[in-house]
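Below, chains carry the letters A, B, ... as their sequence lines are ordered, and counting in each starts from 1. These numbers come from the heavy atoms of this one structure, side chains and all, not from hydrogens, waters or symmetry mates.
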Amino acid sequence: MRTTAAAAATMADSGSGDIAVTGNRDLAAGESGSDAKNTTAEQGTTLLKTMEINVAEAEKRTGKNAVNMLETYTVYLIETRPVDTVSEGISPTPDSLWRRYSEFEILRNYLLVTYPFVVVPPLPEKRAEFVWHKLSADNMDPDFVERRRVGLENFLLRVASHTALSNDKIFFTFLTEENGWKEIVFETGFQAKADSRLKALNATFRVKNPDKRFAEMKHYGDELQSVISQLLRVRARVADRLYGVYKVHGNYGRVFSEWSAIEKEMGDGLQSAGHHMDAYAASVDDILEEEEHYADQLKEYLFYMDSLKAVCRKHELTQFELEMAAQDLSSKKQQREELATGTVRTFSLKGMTSKLFGQETPEQREAKMKVLEEQIQEGEEEVKEKNSECDEFVNNAWCDIERFKDQKDHDLKEALISYAIMQISMCKKGIQVWSNAKECFNKM
Amino acid sequence: MKLRKEGGGIMSGSATEPAVLPPSPAQIVPTDLSEQMLELDDDDDLEVFSKDVTVTDGGAFSTSDQISPCSLLNQYGFEEEEGDSNVKDIFVTVDNPESHVTTIETFITYRVLTKTTRSEFDASEYEVRRRYQDFLWLRGRLEEAHPTLIVHPLPEKFVVKGMVERFSDDFIETRKRALHRFLNHVAEHPILSCSEDLKVFLTAQAWELTSHKKQGPGFLSRMGETVRAVAASVRGVRNRPEQFNAMQEYVESFGQKISSLDKIAQRIVKEQKEYLEELRECGPTYTLWSGSEEELVEPLKGVASCLDRCCKEKEDQVRQLSEHLAPTLHEYALCADTLKAVLRRRDNIQAELEAKNDALATKKIDREALKEDIDKLEDRVEWANNALKGDWNRWQRSKRRDLRSAFVHMAEKNVDYYEKCLAVWESFLVSQRTEFGDGAERRLPSTS
């Protein structure tokens, strides 16, 4: 399973490398908007090209938590190794450290806030969802832990193969320094930004001229979330039923064995047929475990949609801020004009009071005019800034969205093909078992 | 059906081969059989119309079973060589169910087609229509005439569980196939297939059948039989021959196992149907998804169409299971009950004999008459035992053949299903591979 994740990430890596190179140059130039101090000097490459990353193991730990209570949690071993040593055939012991799921969450939140124009890879699910009956929804279940290990590795590989994200210093430290990482990341002050980001994402506001592409993307994100959720639910039910079908055949094995004891000529055939029935019943466990991996691939993109929609939302936010600034500027200009010409075209409290209480003195008017001019100048600066911010965001974000689209198309196509391969494998097993059974039945 | 002639006479009590004999009064039967038949006639007349309840019994052949050359077979063994189907000279099919509506009731009739080269049949082809009641009548007659032969069971009157509509298409189809199997088992039976009742059933027009049904052992004699049967079963048998003990044990175990298998087969059908119901949702969901995509439209639609195809194949597979394995297992569960009844009837005959022997020990008067009765009973017991022994072997062979064929058929259909699905998915892969180009090597399907 690990190879698939690595392969996927490698494919994604080469894909993103080709496409994002141009984007990256823009990024490098425009990085000043983000926390530039946290990026390394590498440009146009990804961390994955120089470093091999594995999430090798999972272990249970017990310890005291924040409220001084004992809790059991799982930690995951992250191993890193420089790529050139591996390719040279030398295999030194990898550097390694332990991280728990909550630390991954912190890292991800940091990345979300620091790179708002990137469709940030998702983490594997916190709790098991879309479960079918045989699988437990328990977080401590070894199968769940194993699948989570794979998901976490996948997350790291995706980040490490993204040109912008992989060059982040905090990310690098996450991989290399076990102690003190938490303090470092909190020092960046990302937490405050994360809170305000969350607030902004949930706020309702109307944007007058959103970029249509982002609106469409957001809509696509909603659609994909809905259809993949539906697919996962259906799959879980189908898995349940398939399990039932296979397992009932185990009863044949039992009864054939009992029956063969009272038969003379039929006994041997029955007995051996019974063994094949048992084998058939047992084979479903492997089949469904493989299918679980397919479900995980779908889930990754289900969760990816949140990131995608967040980027679109962020665009709306920046666009909204631009529109607000522009509106503000325009109203200030309006006021200046009114002040200059003495006409009141728009309703304003000032206008009313001056009508009621008389005109202002020329000195007052001049003072006001000066303030307005200053404000207008500031406003124009702000609009200019916001405009370029918006443009920059649109460019960067759309670039990453295009990269993401290609990655998604590629990965999901691979997933569908691997699903077909799974079905083929299941059919071949079925043919084998029933052909063998048929031979035994013929000997009855 | 190969005919093996018994060497020498047709003595009751020949220990070597399972011969079937009529209970002639202790006499060596002359080679001129016509006399024998006349004697049978007398006997049967006596037996049928006698008011002596101790003697009356359907143990002999029914009144109509005498003149046919088929009864010659009675002298011969039950040896049946497998695969000797070129000797089969009668072919029966049941099909074409039709609804009949009268003022009183609605019922289904089935077409019964017979093709035969047997000389006792006037023509070589017959087509008649029969209803379930007629089959019940036929089976009843066969059991009466041959209480210790194993007559194949009929499908049940009603299916209690599952609330099956009496006239639902599925129910009618299942019943039709079971009736077909019943008739075929009877037609294959060396003795039962010679039954005059069977001949009438296969050839007579409706009114002829009705009038024929009215003949035969009347209500009174059947009553008498029931009374005696109850009395005998209360008495119980003392010295059951070991062979029949072994049969009893086998039938109990076999009955249990087959009933289990019957339930398992039905459960599998149920699980498969529920699986199919859920699977039907998959294809449409992938199609729905394809509506939101651009690049992924082809593979998504491809997967959807594969799933839809697999649903069709699963439907087929389930139908095969319902039509073949499940009914066969159910029939053999019913067979177990039939076998138990046959063993009971044999026991009853022996119990009667034992009772008479007991009576002989105590009674002073009528000893001659009693001794005569005992002689007759001894013959009957002998004959019943041999009939059962012979038919037991035949039934074992038939059971083995039927069950083997049913399980082999199931395995074949399952292989079929998987092969068809395999082809569907493989062709999808091929279509995707050509689009992918150089990435293809990585996607070789695993070799089992």
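- Only the side chain of B:S260 comes within contact range of chain A, judged by heavy atoms closer than 4.5 Å.
- Residue-environment remark: CZ (B:R309) stays at or below the threshold of 12 foreign heavy atoms within 6.0 Å.
- For B:K399, the NZ atom is densely surrounded, since the number of other residues' heavy atoms within 6.0 Å is greater than 12.
- Atom OG of B:S292 and atom CD of A:Q225 lie 12.0 Å apart (nearest 0.5 Å).
- For B:N245, the CG atom is densely surrounded, since the number of other residues' heavy atoms within 6.0 Å is greater than 12.
- You'll find the side chain of A:W259 reaches within 4.5 Å of the side chain of B:L261, heavy atoms only.
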Assess whether side chain to side chain contact (heavy atoms under 4.5 Å, CB included) is satisfied between B:E281 and A:Q230, documenting all intermediate values. CA-CA 10 Å; B:E281 311 258 326; A:Q230 189 178 322; 5.7 Å; no
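- With rounding to the nearest 0.5 Å, the separation of CG in A:N251 from NZ in B:K263 is 11.5 Å.
- For the set A:N436, A:I262, A:L270, the count of heavy-atom pairs under 4.5 angstrom toward chain B peaks at A:I262.
- Summarising the geometry, atom CG belonging to B:N414 is positioned 10.0 Å from atom OG belonging to A:S435; distances are rounded to the nearest 0.5 Å.
- B:L403 has its side chain out of reach of A:F441: every pair of non-hydrogen atoms, C-beta onward, lies at least 4.5 Å apart.
- Contact count against chain A (heavy-atom pairs under 4.5 Å) is highest for B:E419 among B:K413, B:Q396, B:E419, B:E249.
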Check: For B:Y286 and A:L416, what are the C-alpha separation, side-chain angles and deciding distance, and is it a side chain to side chain contact (heavy atoms under 4.5 Å, CB included)?
Finding: CA-CA 10 Å; B:Y286 281 99; A:L416 292 172; 3.8 Å; yes
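- For a residue to count as touching a neighbouring chain, one of its non-hydrogen atoms must lie under 4.5 Å from one of that chain's; by this rule A:E439 does not touch chain B.
- Side-chain contact between B:M410 and A:K438 is absent, with no heavy-atom pair separated by less than 4.5 Å.
- Contact annotation: the side chain of B:W289 approaches that of A:L412 to within less than 4.5 Å [non-hydrogen atoms, C-beta and beyond].
- Heavy atoms closer than 4.5 Å to chain A are found in both the backbone and the side chain of B:F254.
- When heavy atoms are compared at a cutoff of 4.5 Å, B:A265 approaches chain A by way of both its backbone and its side chain.
- For the pair A:C427 and B:L422, the tightest heavy-atom approach, listed with the atom from each and the gap, is SG-N, 3.7 Å.
- Annotation: maximal heavy-atom pairing with chain A below 4.5 Å, among B:I268, B:L288, B:L279, occurs at B:I268.
- The part of B:V303 that comes within reach of chain A is its side chain, from C-beta onward, which places non-hydrogen atoms under 4.5 angstrom from that chain.
- Contacts between A:Y220 and chain B at a heavy-atom distance below 4.5 Å involve the side chain alone, from C-beta outward.
- In this structure, CD1 in A:I431 is found 11.5 Å from NZ in B:K420, a value given to the nearest 0.5 Å.
- Heavy atoms of B:L300 lying under 4.5 Å from chain A belong to its backbone as well as its side chain.
- Between A:E263 and B:Y250, the side chains place a donor N or O and an acceptor N or O closer than 3.5 Å (distance only, hydrogens not considered).
- Remark: B:L429 CG to A:I424 CD1 distance equals 4.0 Å, nearest 0.5 Å.
- Within the model, atoms CZ of B:R267 and NZ of A:K247 stand 13.5 Å from one another, a figure rounded to the nearest 0.5 Å.
- Nearest heavy-atom pair, B:K257 versus A:V255, reported as atom, atom and distance to 0.1 Å: O-CG1, 3.8 Å.
- When side chains are defined from C-beta on, A:I421 does not count as touching B:W425, because their heavy atoms never get closer than 4.5 Å.
- Heavy atoms of A:V234 lying under 4.5 Å from chain B belong exclusively to its side chain.
- Residues B:L296 and A:K413 approach most closely at CD2-N, 3.8 Å, considering heavy atoms.
- Applying the side chain to side chain donor-acceptor pair (under 3.5 Å) test between A:R241 and each of B:E274, B:E277, B:E278 identifies B:E274 as the sole match.
- For B:E293 and A:K405, the salt-bridge test fails: no basic side-chain N is under 4.0 Å from an acidic carboxylate O.
- Aromatic rings from A:Y243 and B:Y275 are positioned such that their centres are separated by 6.0 Å or more.
- Screening A:M444, A:K264, A:M266 for a side chain to side chain contact (heavy atoms under 4.5 Å, CB included) involving B:R400 leaves a single residue, A:M266.
- The residue among A:L224, A:V433, A:I228, A:L231 with the most heavy atom pairs within less than 4.5 Å of chain B is A:L231.
- Ranked by heavy-atom pairs under 4.5 Å with chain B, the first of A:M426, A:R237, A:E223 is A:R237.
- In this structure, chain A has a heavy atom under 4.5 Å from the side chain of B:F428, while its backbone stays farther away.
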